[in-house]
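The structure appears right after this line, and notes come after that.
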Amino acid sequence: MIRTFARAVLVGLGTLVPLAALGQAAFPNRPLQIIAPYAAGGAADVLSRFLAKELESRLGQPVIVQNRPGAGTVIGAQALLQAPRDGYTLFISSNSTFTLNPAVMPSLPYDAAQDFEPLAQVATANLVLVTHADHAVRDVAALVAAARAEPDKLTLASFGTATVSHFAGEWFKSVAGIKMAHVPYRGSGPAMNDLVGKHVPFLIDTIVAAKPQIEAGKIRPLAVTSAKRSAMLPDVPTLQELGYPGIDLSSWVALVTAKGIPAEARARLTDALAAVMRDPAALAAMTKSGFEPVYRPYADWPGEITAEIAAMKSIARAAGIKPE
């Protein structure tokens with residue numbers, strides 16, 4: 001009887017090994033979620049839902065977007081880090097979370113360089129310096145000349161204090177050696193409405209927000225703030241081209257997990273995301289939503305994030321940028 005029982009135990013243990021291996025290989029075997037630190041309905045939320053749908057078709061499990069807006073994306077980042085580190089919770093956000101917040105907030109509940117593990121950058125929302133169509137200033141050279149002639153008389157709006165729009169404006173003013181009063185808005189919509197209504201003369205906003213007004217002839221683009229021209233506005237020069245070296249700032253979007261998820265889960269997620277970013281139809285749909293697809297896995301996330309934080313801190317100190 002003892003020998004029979006022992007053989008049964010050994011046979012049972014033998015069956016457990018392939019079952020365990022099968023369980024590991026089956027990731028994911030239940031729904032996943034993407035935490036989006038933005039309100040529903042905005043461009044970033046649209047991108048989050050698009051990626052969720054694309055990943056769902058490749059992972060074979062539902063991928064649900066959970067909107068967790070607030071505190072400059074901090075609430076969403078906390079939600080990711082408080083979730084089980086099993087690969088079933090992802091987080092999509094921009095440099096607001098990873099480099100701008102650390103540059104201006106003295107205390108954060110996360111370490112941007114160490115607590116996150118990137119799957120890849122997926123898109124860029126480039127920024128453009130614009131004025132209303134009737135303004136006498138027709139180009140950046142004329143803007144700089146006018147600002148130098150009367151420091152702080154001209155105003156430059158952004159879609160919020162300590163946002164990428166604000167940082168880009170301060171970087172431009174610093175390199176150009178000019179002073180313009182900063183006018184922060186609570187969001188892109190109000191800022192763009194006031195520019196079109198001629199209540200403010202200049203604004204740095206995303207091309208996503210600006211392009212419809214440019215095409216309608218209501219506003220005029222002067223320059224983009226990225227190092228390369230945007231495919232969405234190919235005729236608009238960069239600030240670097242116009243003689244303002246080093247300026248390169250856009251709103252980049254990355255899909256990340258919390259650090260420490262299982263290697264098998266990370267590999268499966270990475271492969272699925274790479275497949276999305278190789279799909280011409282998916283890239284076309286992303287472009288149509290207003291984002292420029294950019295697939296860039298990070299070979300050295302901690303190093304790149306730390307370097308960008310340092311650059312943003314320098315801009316923040318020089319301009320006195322502080323969080324609201």
Side-chain angles (χ1 to χ4, degrees), residues 94-96 98-100 103 121-132 135 137-149 151 154-159 162-180 182 188 191 195 201-211 213-214 219-254 287 290-296 298 300 303-319 321:
S94 66
N95 33 350
S96 292
F98 305 117
T99 62
L100 304 188
Q121 180 183 343
V122 294
T124 295
N126 284 327
L127 302 170
V128 60
L129 171 63
V130 289
T131 186
H132 60 76
H135 201 283
V137 166
R138 312 298 294 181
D139 54 36
V140 173
L143 168 58
V144 170
R148 286 176 178 166
L154 294 178
T155 57
L156 177 60
S158 76
F159 51 67
T163 62
V164 65
S165 169
H166 185 187
F167 271 84
E170 297 301 336
W171 197 348
F172 164 59
K173 289 188 285 183
S174 174
V175 174
I178 58 175
K179 293 183 178 181
M180 299 174 69
H182 173 231
S188 172
L195 181 74
F202 301 99
L203 167 67
I204 291 181
D205 206 336
T206 63
I207 295 176
V208 176
K211 191 174 182 183
Q213 303 297 340
I214 293 170
I219 65 175
R220 185 170 60 255
L222 302 179
V224 295
T225 66
S226 51
K228 297 180 180 179
R229 293 194 182 198
S230 167
M232 296 177 68
L233 293 175
D235 296 329
V236 179
T238 69
L239 286 170
Q240 288 195 30
E241 285 180 66
L242 297 176
Y244 306 97
I247 299 175
D248 180 15
L249 190 58
S250 300
S251 181
W252 51 262
V253 182
T287 301
F291 289 89
E292 296 187 30
V294 177
Y295 179 63
R296 188 171 71 90
Y298 290 87
D300 179 20
E304 290 188 38
I305 295 300
T306 299
E308 187 166 314
I309 290 172
M312 296 303 103
K313 280 185 175 180
S314 177
I315 294 170
R317 281 194 300 269
I321 298 175

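- Residues Asp205 and Ser165 form no side-chain contact, since every pair of their non-hydrogen atoms from C-beta on lies 4.5 Å or further apart.
- Residue Leu154 comes nearest to Ala146 through the heavy atom pair CD1-CB, 3.8 Å, listed as atom of the first residue, atom of the second, then distance.
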- Message: Go through it in stages, so that I can follow the logic: the residues are His182 and Ile321, the test is side chain to side chain contact (heavy atoms under 4.5 Å, CB included), and I'd like the CA-CA distance, side-chain angles, deciding distance and then a yes or no.
- Response: CA-CA 10 Å; His182 173 231; Ile321 298 175; over 6 Å; no
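- In this structure, Tyr244 and Phe172 have perpendicular ring planes: the angle between them is above 60°, well past the 30° mark.
- Of the inter-residue distances, the one linking Phe202 atom CZ with Ser158 atom OG reads 15.5 Å to the nearest 0.5 angstrom.
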- Task: Test Leu129 against Leu143 for side chain to side chain contact (heavy atoms under 4.5 Å, CB included), laying out the working first.
- Result: CA-CA 11 Å; Leu129 171 63; Leu143 168 58; 3.9 Å; yes
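- Counting heavy atoms from C-beta outward, Leu242 and Val140 have side chains that approach closer than 4.5 Å.
- Minimum interatomic distance between Arg229 and Thr238 (heavy atoms only, all atoms of both residues): N-CG2, 3.5 Å.
- To the nearest 0.5 Å, atom NE2 of residue His166 and atom CG of residue Leu156 are 8.5 Å apart.
- Counting heavy atoms from C-beta on, the side chains of Val164 and Ser250 never come closer than 4.5 Å.
- At a threshold of 4.5 Å between non-hydrogen side-chain atoms, the residues Pro293 and Thr287 count as touching.
- To the nearest 0.5 Å, the span separating OG1 on Thr124 from CZ on Phe291 amounts to 9.5 Å.
- A 4.5 Å side-chain heavy-atom check between Leu249 and Asn95 finds at least one atom pair inside the cut-off.
- Although no hydrogens or angles enter the test, the distance criterion places no donor-acceptor pair under 3.5 Å between the side chain of Arg296 and the main chain of Ala254.
- Here the side chains of Val224 and Asn126 are not in contact, with every heavy-atom distance at 4.5 Å or above.
- Closest approach of Ala103 and Phe167 over heavy atoms only: CB-CZ, 4.3 Å.
- In plain terms, the two heavy atoms of Ala176 and Arg148 that are nearest each other are O-NH2, 2.7 Å.
- Here NZ of Lys313 is found 12.5 Å from CG of Leu100. Values are rounded to the nearest 0.5 Å.
- Phe98 has its side chain out of reach of Glu308: every pair of non-hydrogen atoms, C-beta onward, lies at least 4.5 Å apart.
- A donor-acceptor pair under 3.5 Å links the side-chain atoms of Thr131 to the main chain of Pro201, judged by distance alone.
- A distance of 11.5 Å separates CG in Leu203 from NE2 in His132, rounded to the nearest 0.5 Å.
- The two residues Pro234 and Met232 have their closest heavy-atom pair at CD-C, 3.5 Å.
- Here the closest non-hydrogen pair linking Arg138 and His135 is NH1-O, 3.5 Å.
- Between atom CD of residue Gln213 and atom CD1 of residue Ile219 there is a gap of 6.0 Å, rounded to the nearest 0.5 Å.
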